[in-house]
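Please read these numbers as outputs of a predicted model, since none were measured by experiment. Heavy atoms only: backbone and side chains are in, while hydrogens, waters and symmetry mates are out.
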Amino acid sequence: DISNFYITKVNVESAMMGVVIRGCKNFSVKNCNFKTVKFSLSLAGNGNNYCDGFVVDSVHFDNELTDLNSDGFHVFGGVRNGSVSGLTGKTGDDFIALNGNEGTSFAGESILGIDNINFTSCEMDEECPLGLRIYTWDDSEEEGKDPNNHKVISNIQFNNCKFQSTHDPESGIQETPCVRFAPYVVFNQPAEGDPVDLRRLKADNIVFNSCYFKTHSTNWPTIGICNVDGDVQFNNCTWSDNNVRNGIALHNSHINVNIEGCKLAGGIQGWQWPRNNNGENFITIKNSDVQYFNTSDIALLYFGYQYAHD
């Protein structure tokens, strides 16, 4: 664990991971280029030590689209108080990943959540499979776990960022939602009886300002939110007219969704799985243009969701 350093104007090419920074404080990574097979730039806590106080700026990724673990900027658990701007390029997996519980195996069971990171002017290439993944679960109530160790992803802001994804089955590029929130790696609901089925992602104060969302997927929503507790805001955001499925899909979540000043192509779909009965959402839409592609996109009216619009 070290403090007060910088990495600048470095080109990294690796058949594994690129740069991993664990439990360090007050550092910067600027004007760097990455081409890796695994995660390009990763931050993580280390035991009880947070990775705390950092700046990442003007970092470019040039990973192969068929390398399915080639994340760009990958954040493990135990990371807080950072500023990230000017991420660009292409990756074969998550362009940005906030994967809190992966940090427990990487950096020690005592590690906490991810908090207070601002992303500005980050733009991925259109052919990438996945823009943003927010993934963790609160295991504080599980047997043998620390009851005070609540793993939460909180106070994350995305400003003027462009998230887009494609799907090309012939080339082996995976198909997923462009942005997904879930307490498990895949977006699909686990099988009944699977312990993973009971996991909950706690995501508090996740804000998107003036962001753009686009997907070519014919099977997945642009933004998927599954088994989530918390609140998400979209302010002055735009969903591409090219999207062919739901703009936002809400599954089995306790969540407040606020949408203001947005152009939301694809509408909102919401439902809950009867075996869990956890779907209790409040959706507020103000001063927005919501375009529905078909009547099923207003399923939230029929599945116990509350909504308000203006």
Side-chain angles (χ1 to χ4, degrees), residues 56-57 73 75 80-88 94-98 114-124 126 130-134 152-165 177-182 201-215 221-226 228-243 245-251 253-270 280-293 297-298 300 305-310:
V56 175
D57 181 53
F73 184 62
V75 179
R80 65 186 181 188
N81 300 327
S83 173
V84 181
S85 59
L87 300 181
T88 58
D94 310 314
F95 184 67
I96 297 172
L98 306 180
I114 299 170
D115 181 57
N116 192 31
I117 304 176
N118 288 335
F119 294 84
T120 302
S121 299
C122 298
E123 181 173 339
M124 60 188 292
E126 187 170 351
L130 176 60
L132 169 67
R133 179 183 353 223
I134 295 181
V152 179
I153 296 179
S154 55
N155 303 311
I156 310 296
Q157 192 167 115
F158 299 92
N159 304 297
N160 194 34
C161 294
K162 192 171 187 178
F163 298 106
Q164 46 194 358
S165 63
C178 179
V179 175
R180 59 179 167 178
F181 296 67
L201 163 60
K202 294 187 181 297
D204 293 335
N205 193 33
I206 312 299
V207 181
F208 296 86
N209 295 315
S210 300
C211 291
Y212 176 83
F213 308 104
K214 180 179 181 179
T215 181
T222 307
I223 297 176
I225 300 174
C226 187
V228 177
D229 301 333
D231 59 277
V232 180
Q233 301 177 43
F234 299 94
N235 302 312
N236 302 308
C237 294
T238 300
W239 280 251
S240 170
D241 291 333
N242 290 338
N243 299 345
R245 293 297 298 267
N246 309 111
I248 300 174
L250 298 166
H251 303 169
S253 295
H254 294 275
I255 191 167
N256 294 319
V257 179
N258 293 287
I259 300 167
E260 185 165 359
C262 293
K263 179 184 176 184
L264 175 54
I268 305 171
Q269 184 183 53
E280 297 177 1
N281 299 305
F282 193 90
I283 303 166
T284 302
I285 305 173
K286 294 183 178 180
N287 303 317
S288 296
D289 178 13
V290 181
Q291 302 174 11
Y292 297 104
F293 295 146
D297 290 328
I298 56 173
L300 61 93
Y305 288 77
Q306 296 178 292
Y307 77 102
H309 64 84
D310 183 9

Legend entry - Under 3.5 Å side-chain donor-acceptor pair for Thr215 and Ser165: yes
Legend entry - With Phe163 via ring-ring contact (aromatic ring centres under 6.0 Å, His included) - residues at least two apart: Phe158
Roughly how far, to the nearest 0.5 Å, is the [atom2] atom of [Y] from the [atom1] atom of [X]?
X      : Y      : atom1 : atom2 : result
Ile156 : Asn116 : CD1   : CG    : 7.5 Å
Ile225 : His251 : CD1   : NE2   : 9.5 Å
Cys211 : Asn159 : SG    : CG    : 6.5 Å
Asn256 : Asn258 : CG    : CG    : 6.5 Å
Phe73  : Ile96  : CZ    : CD1   : 8.0 Å
Asp94  : Leu132 : CG    : CG    : 8.0 Å

Legend entry - Stepwise side chain to side chain contact (heavy atoms under 4.5 Å, CB included) check, Ser121 with Ser85: CA-CA 6 Å; Ser121 299; Ser85 59; 5.5 Å; no
Checking [X] now: which residues fulfil side chain to side chain contact (heavy atoms under 4.5 Å, CB included) with it, not counting sequence neighbours?
X      : answer
Asn118 : Gln157
Glu260 : Asn235, Lys286, Asn287
Asp289 : Lys263, Gln291

Inset, instruction - Evaluate the ring planes of Phe213 and Phe234, with Trp represented by its six-membered ring, and classify them as parallel (under 30°), tilted (30 to 60°) or perpendicular (over 60°). - result: perpendicular
Inset, instruction - Under the side chain to side chain contact (heavy atoms under 4.5 Å, CB included) rule, what do Ile223 and Phe208 come out as? Steps first, then yes or no, please. - result: CA-CA 12 Å; Ile223 297 176; Phe208 296 86; 5.9 Å; no
Tell me, do [X] and [Y] make a side-chain contact under 4.5 Å, heavy atoms counted?
X      : Y      : value
Ile268 : Ile259 : yes
Lys162 : Met124 : no
Leu250 : Ile283 : yes
Phe119 : Leu98  : yes
Val257 : Thr284 : no

Inset, instruction - Identify, with sequence neighbours excluded, every residue that meets side chain to side chain donor-acceptor pair (under 3.5 Å) alongside Asn205. - result: Asn155
Legend entry - side chain to side chain donor-acceptor pair (under 3.5 Å) involving Thr88 - partner list, sequence neighbours excluded: His60
Inset, instruction - State, to 0.1 Å, how close Ala203 and Val228 come at their nearest heavy-atom pair, and which atoms those are. - result: CB-CG1, 4.2 Å
Inset, instruction - Determine the minimum heavy-atom distance between Asp204 and Gly230, stating which atoms define it. - result: OD1-CA, 3.6 Å
Inset, instruction - Evaluate the criterion side chain to side chain donor-acceptor pair (under 3.5 Å) for residue pair Asn160 and Ser210; output intermediate values, then yes/no. - result: CA-CA 5 Å; Asn160 194 34; Ser210 300; over 6 Å; no
Legend entry - Any donor-acceptor pair under 3.5 Å from Ser288 side chain to Cys262 backbone: yes
Legend entry - Full working for side chain to side chain contact (heavy atoms under 4.5 Å, CB included) between Phe181 and Ile153: CA-CA 11 Å; Phe181 296 67; Ile153 296 179; over 6 Å; no
